[in-house]
Amino acid sequence: MTQLPIAFSAPLALTALALLPALWLILRVTPPRPRRIDFPPLKIMADLIAKREMPAHTPWWLLALRMAVAALAIIAVAGPVWNPPVATAPTRGPVLLLIDNGFGAATDWSERVALAESRVNAAAREGRPVAIIGLAETPGEVTLSEPRAALDKLRALALQPHAPDRTTQLPRIEAFLRATPDAEIVWVSDGLSLSDEGAFLARLKQEADARRLSIHATPADQLALTAAENLSGALTVKVLRPSTSAPASGQVRALDLKGLPLGDAPFAFGPTETQTVARLTLPIEVRNAVSRLEVVGEQSAGAVALLDDRAKRRRVGIVSGATTDTAQPLLSPTYYVSRALSPFAEIREPRPGSNDPVGELLAQNLSVLVLADIGALDPETATKITSFVERGGVLLRFAGARLATASDELTPVRLRRGGRTLGGGLSWDTPRKLAPFTRESPFFGTQISDDVRVNRQILAEPDADLARKTWAALEDGTPVVTGARRGDGVIAMMHVTADTTWSNLPLSGLFVEMLRKVVALAGTGPAEAQAEDAKVETLSPTRVLDGKGSFRAPPATAQPVPRTFTGRATLAHPPGIYGPADGALAVNALASTDMLHALDLASLGAPILPIDKPVAQDIRPQLLVIALLLLILDTLATLWLGGRLRMARASKAAAAALLLGLGLGLALTLSAVPTLAQPVPAAPEDTRPPIPRELFAAGAVTRLAYVLTGDKAVDDMSKAGLAGLNTVLGARTALEPGEAVGLNPARDELAFFPILYWPVVAGRPIPAPETLRKLEAYMKGGGLVIFDTRDAMSARPDGGSTPEGDQLKRMLQTLDIPELEPIPRDHVLTKTFYILDGFVGRYDTGTTWVEILPPAGEDGRRPARAGDSVSPIVITSNDLASAWAINRRGEGLVPMSSSDPRQREMALRAGVNLVMYALTGNYKADQVHVPALLERLGQ
């Protein structure tokens, strides 16, 4: 039996349709039309002839029109819901709802949840239980529940920052299908795959063949980042796309720990390519400051690549005996060292013939200094190296013939003169292997090759601390690598040469890994601290990404990761930063070897439905609109039949057909317009001429400005608010501002105005990139922009974002703005004119954000504002303009949110402080230094 594509939430209301025949009989009889009789008496007497009048009948077309209005009203009351034929269920059994809630669904997650809710509501109308599985969640038992409980579970389902592992969910799905063989499967898919999904798709193919599977998906067009590398001359990152239908070009942005942009790099795919590389050619100091890479415009955890200390490319200087030990010039064996370091470090070597090679290299801001078989060091050179190490540098020394006969203080342990050789005194019979690295060693966890052999080494004198300073040793326990703390830096020593003379270690991959570990010690603290950290096998998360790629606090399900973790993120190990700041580990949504693949959903043979709108649509609004239009036509027709409307002479049937056709045409046109997701109208075009520059020439009055948003109510309130603030400024301060000006940032010059008030309106188009660059130049040039989201009362208790907050985030994500903080109590803004404790507006619950203050000094105090700059941006949600809007008598135009009679006064004082702050800068902060200045002047 074929199921109808329409359902009713109140089907009993349809019984009223049985009354339509009675309504037909009532409406078909109307009183006769009144006659018009002339007044003259004779004419009256002639017409006063008794006549028998019969009741007239209502025209059939008008009666049909009224019956249609009544039927539409009855059907609308019954709550009709339209289900397209492609979405009707082939079975009346339970519903198993599978949802991909990984990072691939981040771009349209809200639409996916709305779609899933519509499927659950449809099951509720049909009395079918529902089971929900988030494919990115931990596998658990699949249970059926009532639709209301299923809705609660669905709304609690969170977008995860990792890819779903569908294969691990397959055993639970199969167990559920065995228990409920008549279940219908609905899969809301993101269309992406990182691994082989063959088993999962094969099982769903069986359900598709039985017509029990439907899929909701959109074309896979997500982008992702992986395999970021800090190479010589550039920072590279691999950009992935699942198919050629995804965007073919874009930009990757580099950001530092504070979220400030450091540079952009374009990328472009070939016609058939699904991966490409973006290169950021930045100075090494800037590259080392990058902690995050992201695809511009892509809000997904997969489009973010986090970097840790392993990605920092440090500058390493290499000096051999041929250039430093001029008393014994020998060829330096730096070939293997330079090639082992070049993949992850910037190599620097002194100019040939330099008189001071060490000084020359240290002047280049080195992180690591390598001395290969350097014997005696002159005192001046030794002093420079000692200072370099104590400031946090790393000194790595290699043994050799000259070092075996010399001694100095720049070694981690005391050395024994001479060397231990194969076949000589204190020798061994065969070359020795390396012993496993201890837990205290920085090399702990590195795999040792069985092919590494040592033929000769420089021995260390026995010492009580020798074991603690030994990072690597031979099988008999003699040290091969030692290290020790010296000030804030590290001195490390290889007790073998840098070439293959004493061992084959430089020929192995272990040599590269050991040098990488030593170089990574630069800037991370003393050797002992590193040894203590090495004891910690796992690192706990400190900040993790959410599904859209923003940082958040670690959830309760997040677990520590091993220090050697290199895999992709999971539910237990979400992408983010793990461990302390001086030794953090970055975990990303994708591993360096991952690729994005588009799932072949068409091969399943199941219907693939869109995600842009819910399946079940409430059609009551359309029916009521049609009924209202038909009712208007009925009124017009009644007036025409009664002679109240004069129309051209034409047959009544033709006129009736014309009116009825016009009404049905309008009704069908309105009913075809979707009512679920109307597009946001674009801002009206600004046709007024630009503000003339002559208005703001030298000597003109100071004017405040506000941004025209295109919303007339908001723009009028901004104008009234600044007008009220101007009145207060003129009455209480020496400033006499001119009339406030409404600006279009895309067309008008901003430099004439010290303050720009910008009310944020949700849903408005984001300004063009050229306009944002213009706004950025305005802020950097000394202007102050006040962004007011006006959403303090609608802010969510759980801290979730509001539509206005999301609009502001999208606007500011490409601007180079400073790091912000809630306004401190000692900020200069709190004392520029009035001494204030907070900044309120129409609302008093919002937070005001300004540029972050410098850290406090050693005495715990800090100036009200450091430097001569003014915070270029102020963000608030308290609706300042509505509080500033007053009439000539000082009475407010808009009521305040609280009953405090002083709230409007405090809001006006906050406005005065903002204007004084923008015009006079940090003059109040200078008062902090007055005692010191007077003391210096001898006053």
Side-chain angles (χ1 to χ4, degrees), residues 101-107 109 136 158-163 222-226 228 235 237 252-264 288-312 539-561 565 568-590 789 795-796 798-802 805-822 847 849 851-852 873 875:
N101 60 327
F103 65 79
T107 55
W109 176 246
L159 179 68
Q160 299 294 345
H162 57 272
Q222 302 90 332
L223 299 177
L225 297 179
T226 186
L235 178 62
V237 64
V252 172
R253 175 160 299 154
L255 301 99
D256 63 5
L257 286 172
K258 298 180 180 179
L260 299 178
L262 300 178
D264 292 349
N288 287 342
V290 175
S291 64
R292 174 188 173 107
L293 298 172
E294 61 182 26
V295 179
V296 176
E298 193 84 6
Q299 294 185 347
S300 166
V304 175
L306 301 176
L307 285 73
D308 52 26
D309 287 343
R310 296 174 297 180
K312 291 184 178 180
L539 301 174
S540 299
T542 56
R543 290 193 304 168
V544 299
L545 297 177
D546 60 14
K548 292 185 176 293
S550 300
F551 278 114
R552 62 166 180 169
T557 56
Q559 300 177 9
V561 297
F565 185 86
R568 75 168 72 105
T570 62
L571 183 65
H573 308 309
I577 304 299
Y578 289 71
D582 57 353
L585 175 71
V587 175
N588 286 294
L590 279 76
T789 57
R796 303 175 184 175
D798 59 356
S801 181
T802 62
D806 292 337
Q807 178 85 354
L808 182 60
K809 289 179 183 178
R810 290 191 295 270
M811 187 188 307
L812 298 183
Q813 66 181 356
T814 60
L815 290 179
D816 184 13
I817 61 174
E819 185 179 2
L820 305 179
E821 67 173 349
T847 302
W849 297 80
E851 182 180 358
I852 193 169
I873 182 174
I875 299 178

With sequence neighbours excluded, residues passing side-chain contact (heavy atoms from CB on, under 4.5 Å) with [X]:
X: N588; result: A305, L306
X: L260; result: D256, K258, D816
X: A136; result: N101, Q160, H162, P164
X: S540; result: P560

- Item | Test applied, side-chain contact (heavy atoms from CB on, under 4.5 Å); reference residue, L225; option that passes from V304, L590, V252 | V252

- Determine the sole option in L255, L235, L262 for which the side-chain contact (heavy atoms from CB on, under 4.5 Å) test with L293 is passed.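 That would be L235; it is the only one of L255, L235, L262 passing the side-chain contact (heavy atoms from CB on, under 4.5 Å) with L293.
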
Rounded to the nearest 0.5 Å, what's the gap from [atom1] on [X] to [atom2] on [Y]? Could you check?
X: I577; Y: L585; atom1: CD1; atom2: CG; answer: 8.0 Å
X: T107; Y: L223; atom1: OG1; atom2: CG; answer: 10.5 Å
X: L820; Y: I873; atom1: CG; atom2: CD1; answer: 5.5 Å
X: K312; Y: L307; atom1: NZ; atom2: CG; answer: 10.0 Å

At their closest point, which heavy atom of [X] faces which heavy atom of [Y], and how far apart are they?
X: P161; Y: F103; answer: O-CD2, 3.7 Å
X: A589; Y: A301; answer: CB-O, 3.9 Å
X: V237; Y: T226; answer: CG2-O, 3.5 Å

- Tell me, do V544 and F551 make a side-chain contact under 4.5 Å, heavy atoms counted?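 Not in contact.
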
- Query: What residues form a salt bridge (charged side-chain N to carboxylate O under 4.0 Å, His left out) with D264, not counting sequence neighbours?
  - Reply: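 For D264 the salt bridge (charged side-chain N to carboxylate O under 4.0 Å, His left out) partners, ignoring immediate neighbours, are R253.
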
- Message: Tell me every residue that passes salt bridge (charged side-chain N to carboxylate O under 4.0 Å, His left out) with K548, counting only those two or more places apart in sequence or in another chain.
- Response: none

Does [X] have any side chain to side chain donor-acceptor pair (under 3.5 Å) partners at least two apart in sequence or in another chain, and if so, which?
X: Q299; answer: none
X: D546; answer: none
X: R543; answer: none
X: S300; answer: none

- Message: Between Q222 (side chain only) and G104 (backbone N and O only), is there a donor and an acceptor less than 3.5 Å apart?
- Response: yes

- Message: Please list all pairs meeting salt bridge (charged side-chain N to carboxylate O under 4.0 Å, His left out) that have one or both residues in residues 292-306, counting only residues at least two apart or in different chains.
- Response: R292-E294

- All pairs passing side-chain hydrogen bond (donor to acceptor under 3.5 Å, both in side chains) where residues 568-580 contributes a residue, at least two apart: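 Of all non-adjacent pairs touching residues 568-580, those that pass side-chain hydrogen bond (donor to acceptor under 3.5 Å, both in side chains) are R568-D594.
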
